[in-house]
Protein chains: 2
Amino acid sequence: MKYEEAKDKFISTWGVLGSSWGINKAMAQIHALLWISPEALSMEDIMEELQISRGNTSMNVRQLIDWGIVYKETKAGDRKEYFASEKNVQELARQVAKERSKREIKPVIRILKEVSSIKEDEESEKTKELIKQTKALYELTNSMDKMLDKVVNQEKNWMTKVLMKFIS
Amino acid sequence: MKYEEAKDKFISTWGVLGSSWGINKAMAQIHALLWISPEALSMEDIMEELQISRGNTSMNVRQLIDWGIVYKETKAGDRKEYFASEKNVQELARQVAKERSKREIKPVIRILKEVSSIKEDEESEKTKELIKQTKALYELTNSMDKMLDKVVNQEKNWMTKVLMKFIS
DNA sequence: TTAAACTTTCAATAATTATTGAAAGTTTAA
DNA sequence: TTAAACTTTCAATAATTATTGAAAGTTTAA
């Protein structure tokens, strides 16, 4: 496999993976492109490489910056903005874990807690089951989120160490 | 909060969570409904509760069965099929981990491995970076997948134990 | 067997989500 | 200041994904 082929395959695969985990394809592909690019790329560069519009590029680059996995760079004597990916894989995982926990898991935990602690005068079968099952889900989700928090607050290489322990 | 309100809140929240992780809303909501239901429900019951069509119900119930987290049940002297959720939270996590690993992670790992092991005569900066970065991603994804495999092959309560160790 | 009671399939359509591109906004060099 | 070089916004549109519902298929009781 040649460089160009490998690059295209990686970018496209990353886009597909993103989609199946609820991440916009363009966002995932821009990330992939920057991830393997030795230097920062301009808006034009990204548009050109991925064949997407200026607006699309602008919005998705901003989202990546919001997620904390892409940075703006400037070049002396150049008015364009350039974008570079966070290159450390631990830090990438850390940021993604952090954002997904904050945006999606924590709100669900709040609801699960709320729903699993209803009190009804007449304790019907249905109510008991609701409480029991949502409580179980609350506990699982909570444990997984605490694990994500650990990843988020990791010191460098923490995750590798733990994962190693995990899989050994 | 009353039972009905709690139920609706749970079902709707589970649907939203599903969507943001790439799982069809109807599928997530049917799962939520069965998860908290003390008895198995018929197609009609599900259609009625969630206000969705017969076709939609049929397809998504089948998917849940494919995922191994919903079972068919029959009642003596009744021609309808009834559907019941796997009720054990560990087993639910186990099955979801298994399916997502198989369907989404493992194929990506294969591509990452392939892409990260290209060889080019002329080793340009770009090629080096591609290899380095996709290799790092390969290793991370692989570790996470091995972790999922552990969850998948867990004995009962294995996960709880490990998660406890993790978060303590 | 047959016909009633169910489930599944799938083309049409609706709903949602992503993308475009032009206009508006911003920044900076001169 | 101004105007060129950029970026962002957002309404319109395209693409994708989910849903419907009627027709076809299947199962079972009689």
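The basis for the numbers below is simple: all heavy atoms, side chains too, and nothing from hydrogens, waters or symmetry mates. Here is how names work: the chains are called A, B, and so on, in the same order as the sequence lines, proteins then strands, and each is numbered from 1. The model shown is predicted, which means the values in this text are computed figures rather than measured ones.
Residue order along DNA chain D, read from the 5' end via each residue's closest nucleotide, puts A/Phe83 first among A/Phe83 and A/Lys25. Between A/Met59 and A/Ser19, the one whose closest nucleotide on DNA chain D sits nearer the 5' end is A/Met59.
Relative to the ring axis of A/Tyr82, A/Lys75 places its NZ or CZ within 45° and under 6.0 Å from the centre.
For the OP1/OP2 pair of D/dT20 and a distance below 4.0 Å, the side-chain nitrogens and oxygens of B/Asn56 include at least one atom meeting the criterion. Proximity of B/Asn24 to the phosphate of D/dT19: a side-chain N or O atom is located under 4.0 Å from OP1 or OP2. Regarding contacts with the backbone of D/dT7, every side-chain N or O of A/Arg62 stays at 4.0 angstrom or more from both OP1 and OP2.
Of the candidate nucleotides D/dT7, C/dT20, D/dT19, C/dT20 has the atom lying nearest to any side-chain atom of A/Ser53. Looking at the side chain of B/Ile52, the nearest of the listed nucleotides D/dT20, D/dC6, D/dT8 is D/dT20.
B/Asp145 pairs with exactly one of B/Lys150, B/Lys106, B/Arg100 by the side chain to side chain donor-acceptor pair (under 3.5 Å) rule, that one being B/Lys106.
In this entry the distance linking NZ of A/Lys75 with C1' of C/dT28 reads 19 Å, nearest Å. In this entry the distance linking CD1 of A/Ile30 with C1' of C/dA18 reads 12 Å, nearest Å. Rounded to whole Å, atom P of C/dC6 lies 15 Å from atom CD1 of B/Ile46. Counting to the nearest Å, the C1' atom of D/dA5 and the OH atom of A/Tyr82 are 12 Å from each other. One interatomic measurement links the two molecules: CD1 of B/Ile23 to P of C/dT16, which rounds to 19 Å at whole-angstrom precision. Across the protein-nucleic acid pair, B/Gln51 atom CD and D/dA18 atom C1' stand 17 Å apart, rounded to whole Å. The nearest whole Å value for the distance from the CD atom in B/Gln63 to the P atom in D/dT19 is 11 Å. Following rounding to the nearest Å, A/Asp78 (CG) and C/dA29 (P) show an atom-to-atom distance of 11 Å.
Under 4.0 Å is where a charged nitrogen must lie from a carboxylate oxygen, and between B/Lys102 and B/Glu99 at least one such pair does.
Across every strand in view, D/dA24 sits in a pair with C/dT7 that passes the Watson-Crick or G-U test at under 3.5 angstrom. Look at C/dA30: its Watson-Crick or wobble partner, with both distances under 3.5 angstrom, is D/dT1. C/dA12 is paired with D/dT19 under the Watson-Crick or G-U wobble criterion, all donor-acceptor distances under 3.5 Å.
Across all strands shown, A/Arg54 has heavy atoms under 4.0 Å from base atoms, whether or not it also approaches the sugar-phosphate.
At least one donor-acceptor pair under 3.5 Å links the side chain of A/Lys87 to the backbone N or O of A/Trp35.
For the residue pair B/Ser42/B/Asp45, the side-chain donor-acceptor check at 3.5 Å is satisfied.
Judged by distance alone, with hydrogens and angles left aside, A/Arg79 brings no side-chain donor or acceptor close enough to the base of C/dA29 to form a pair under 3.5 Å.
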